[in-house]
Amino acid sequence: MRSTLSQMQQPLLIESMSYHFMAPTQPTTTTKVDIHHRTRLLSSVRRGETVQLTHIEAGRRLARRLAELGLTPGVTIQVLHVNGGPLLIAVRGARLALGKGMAEKILVTQPEDGNV
Amino acid sequence: MSEFTIALAGNPNTGKTTIFNTLTGSSQHTGNWPGKTVARKEGVWRHDGDLFHIVDLPGAYSLSAFSAEEVIARDFIVENQPDAVIVVVDATNLERNLYLALQILEMTPHVALALNMMDAARAQGLKIDIPMLSDRLRIPVIPMTARAGKGMVQLEEAIAGAAQKGREAKQVAGFEFTPPFRYSQPIETALNRLIKAINQQHPLKNHYPERWLALKLLQEDETCIEKISAIPGTDDLLALARHEATHLHSFYGEDLDTIIAEERYTWLNGLVQQVVQGRLQSPTFSDRVDAVITHPVAGLFIFFAIMWVVFKLSTDVAAPFVNWIDTFVNGNFAHWVTELLALVHLENTWFASLIIDGILAGVGGVLVFVPVLMFLYMGMAIMEDSGYMARAAFVMDRYMRKLGLHGKSFVPLVLGFGCNVPAIYATRTLENPTDRILTGMLAPFMSCSARLPVYVLIATIFFPEYRTSAVLTMYILGIIMALIAGLLLRKTIFKNSEASALLIEIPSYRMPTIRNVWTEMWQRTRAFLESAATIIMGVSIVIWLLMAIPVSGHGTFADTPVDDSAFAHLAGAISPAFEPLGFGNWENASALISGFIAKEVVVSTMAQVYHVPQEPQSGAEDAGFWAQGKDSIIGLFQATVDTIKSIPAIIGINLFPPETESEPPAMMTAIRQGFEQSSGGYGALAAFAFMVYVLIYSPCVATMAAQRQELGARWMWTSIAIQLTLGWILAFVVFQGGKLLLS
């Protein structure tokens, strides 16, 4: 589970991270399990909640764009404001304003350790 | 002495501009990148006898050729190969900011990192281990606070050092270098195979950084593949890249782009945890402020209040300066020039007329925009520098989206009520070209302040009791037309594109610095002067020529009554087009023609062609040279006082004594008669149609010049065509429809 590992990593373990990438066994398992349980759209997340990104359901260009802004699988997202239209989120220490349509393409789940 | 080229890169809102301004000072020159509407800033910096050309790359979050800005930044680093790249990062937002640095480190090793906003980082309790950061990234890292000028000396040293090193390395050979970061093994294996293949291609070998090229080919980057496939003999390489990409895709079960971004971020996340002590707690102070500023109701109210202030700044507060410039250029200065011409015995010749009525009038027409623009740009620079602009886009996005526009489109449209010219320049804040073009084409429908005197004059003559309502109707009609035109354009010309979804970074609030605001304000004003001056001057001279050439009567060149000039005949030739609208006489047509140059002159042209002596300009006619000079300086002083006095007017406090406006009754009677005649007895209706036409047809030459500069000639002409047709149709409906209802 790629996302779990990036959550747990310790500062001194960084160099060893690459070993994990040498043999990713079942990269999509997390997503599959979550679909039956608690995966939902980022657009449905309420203000103040913290969630974890599982997958982006978008065209290649947009998916790349979002990934480069830090929205990669496993990252934690805090929803700061929702005003019926776009969302204001905190991700990797930055604040992003996301259109509603875009938030509907982002699948999220409860963070695995419950508190981030 | 050596010459170096340095590129300045960084995310937006990192203080890159401040560093650029500090380094290059007044040596900056701005332009556009070839074939793009993205501003290119360049400047010279001298250090220890060496000359450094500093190129300010457009602000970007990554270099994946997503936007025009990214393509420019990327191409410059890869193809122009600057001696060093300075990456400016926000110390409070390291993880996201270093992403760009990491991408640049895959292109060139000659990088120095300007770790800016250290003051904010310290205030937030962040401790950054600079030596370790430098060690891990393998580049010099300079902690600094550019706004306070702290760390500039060290940065300068680092730039000079990096440039020297970059230059030496360039002379040695090739692009072989090891970036600080490696991907997971399967990607590295594929990269190595591709690098090998690239090195077998001699034309490629020394043109591109090999590892970067391999990665781009693996990511199936369109622009890169296009460039490579144009080189003969690269088919095998491209086939190999496709094969490797497919293989990796099935291996990871995810898009390769996502995997690459994720691996970079994972590495950066580890690096930041290692280097930075103390983590930002959210919600931060900025977040708490945003709870109000971005609130659906309060946020809207705040936004309108701020726009109101900016709007007032550019109209009422700028007005005394506008009047002063107008009086100075057309009064005192014109008088001096006349005296000078008299000294060389050229008074009352066609040459004097060309200088005074043609060129000076043209220059005046350009210069009166300067105070308006400077105040508008000041307001906008403060909004951008403080971080408010991004919030405004966030608040307005949901409403603008319904109209097929982007949240950021709102600001240019509101500015249009003051003046359409800065409104069009303000579309630059929109990243997507389609959004930019659409907004730039709708902005002229916003009734600018120059159209107001026309409405007031016509309404005073024809609807004295309903003057305010008539004027207000024009403003509302303009908004409705913009809505209709916007929806129509989205359904026709821009059928295949919808407003690009909102995706912007919301920067932390910052106090705007005077230096940045001033530089922004001055540079944009200068850009306007440079581009608009030529076109306005040109058109002014053409109009002058037309008015100078006698076609009938006994006049000679440059000394002919307006009625006999080529201008009157041209207006007469055009006037039948306005007959169905009720104002088809040559007098009105000529007012409309000159209104094509600037709406400010519609009223004065009407006064001229309806044979009414104009009020003398306020400049003292017979005063001596020095007395006039003194008058001008006193006038400027008075303008400044008036400006300061008009600031409280923003919140409704009027410090000016009440004014009594009075138009010469003779002119009003003449205009009334003119409209009654041309409309066959429906004067008021024709006058209303005239107001509608003035609202919708092309606002002025300066707006056209702005459209050409920002959107390109094609969209300028499209815009003009739409304005002329739409204006005609609407005026037709008003006049003929009204006639049907009344009869």
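In what follows, chains are A, B, ... by sequence order, proteins preceding strands, each numbered from 1. When reading the values below, keep in mind they use all heavy atoms of this one structure, side chains included, and skip hydrogens, waters and symmetry mates.
Contact tally against chain B (heavy-atom pairs below 4.5 Å) for Gly101(A), Ala63(A), Ala67(A): the top residue is Ala67(A).
Of the two parts of Leu66(A), only the side chain, counted from C-beta on, holds a non-hydrogen atom closer than 4.5 Å to a non-hydrogen atom of chain B. At a 4.5 Å heavy-atom cutoff, the contact between Ala291(B) and chain A is made by backbone and side-chain atoms alike. Gln103(B) touches chain A through its side chain: at least one heavy atom from C-beta onward sits under 4.5 Å away, while N, CA, C and O do not. Residue Arg391(B) does not touch chain A at all, counting heavy-atom pairs closer than 4.5 Å. With a 4.5 angstrom heavy-atom cutoff, Tyr99(B) touches chain A only via side-chain atoms. Neither the backbone nor the side chain of Asn97(B) comes within contact range of chain A; no heavy atom of the residue lies under 4.5 Å from a heavy atom of that chain.
With 3.5 Å as the limit, one finds no donor-acceptor pair spanning the side chains of Glu262(B) and Thr72(A).
Considering all non-hydrogen atoms of both residues, Glu220(B) and Arg60(A) come closest at OE1-NH1, 3.1 Å. Taking each heavy atom of Asp397(B) and Pro86(A) in turn, the nearest pair found is CB-CG, 4.1 Å. Considering every non-hydrogen atom in both His81(A) and Asp287(B), the closest pair reads NE2-O, 3.5 Å. The two residues Tyr61(B) and Leu69(A) come nearest to each other via the heavy atoms CG-CD2, 3.6 Å.
Taking the side chain as every heavy atom from C-beta outward, His55(A) and Glu254(B) approach each other to under 4.5 Å. Counting heavy atoms from C-beta on, the side chains of Met102(A) and Leu502(B) never come closer than 4.5 Å. Taking 4.5 Å as the limit, some side-chain heavy atom of Ser62(B) sits within range of a side-chain heavy atom of Arg65(A). Counting heavy atoms from C-beta on, the side chains of Leu80(A) and Asp290(B) never come closer than 4.5 Å.
Ion pairing of Glu68(A) with Arg96(B) is absent here, as no side-chain N (NZ or NE/NH1/NH2) approaches a carboxylate O to less than 4.0 Å.
Taking CG of Leu96(A) as the reference point, atom CD1 of Ile506(B) lies at 8.0 Å (rounded to 0.5 Å). To the nearest 0.5 Å, atom CZ of residue Arg64(A) and atom CD1 of residue Ile260(B) are 8.5 Å apart.
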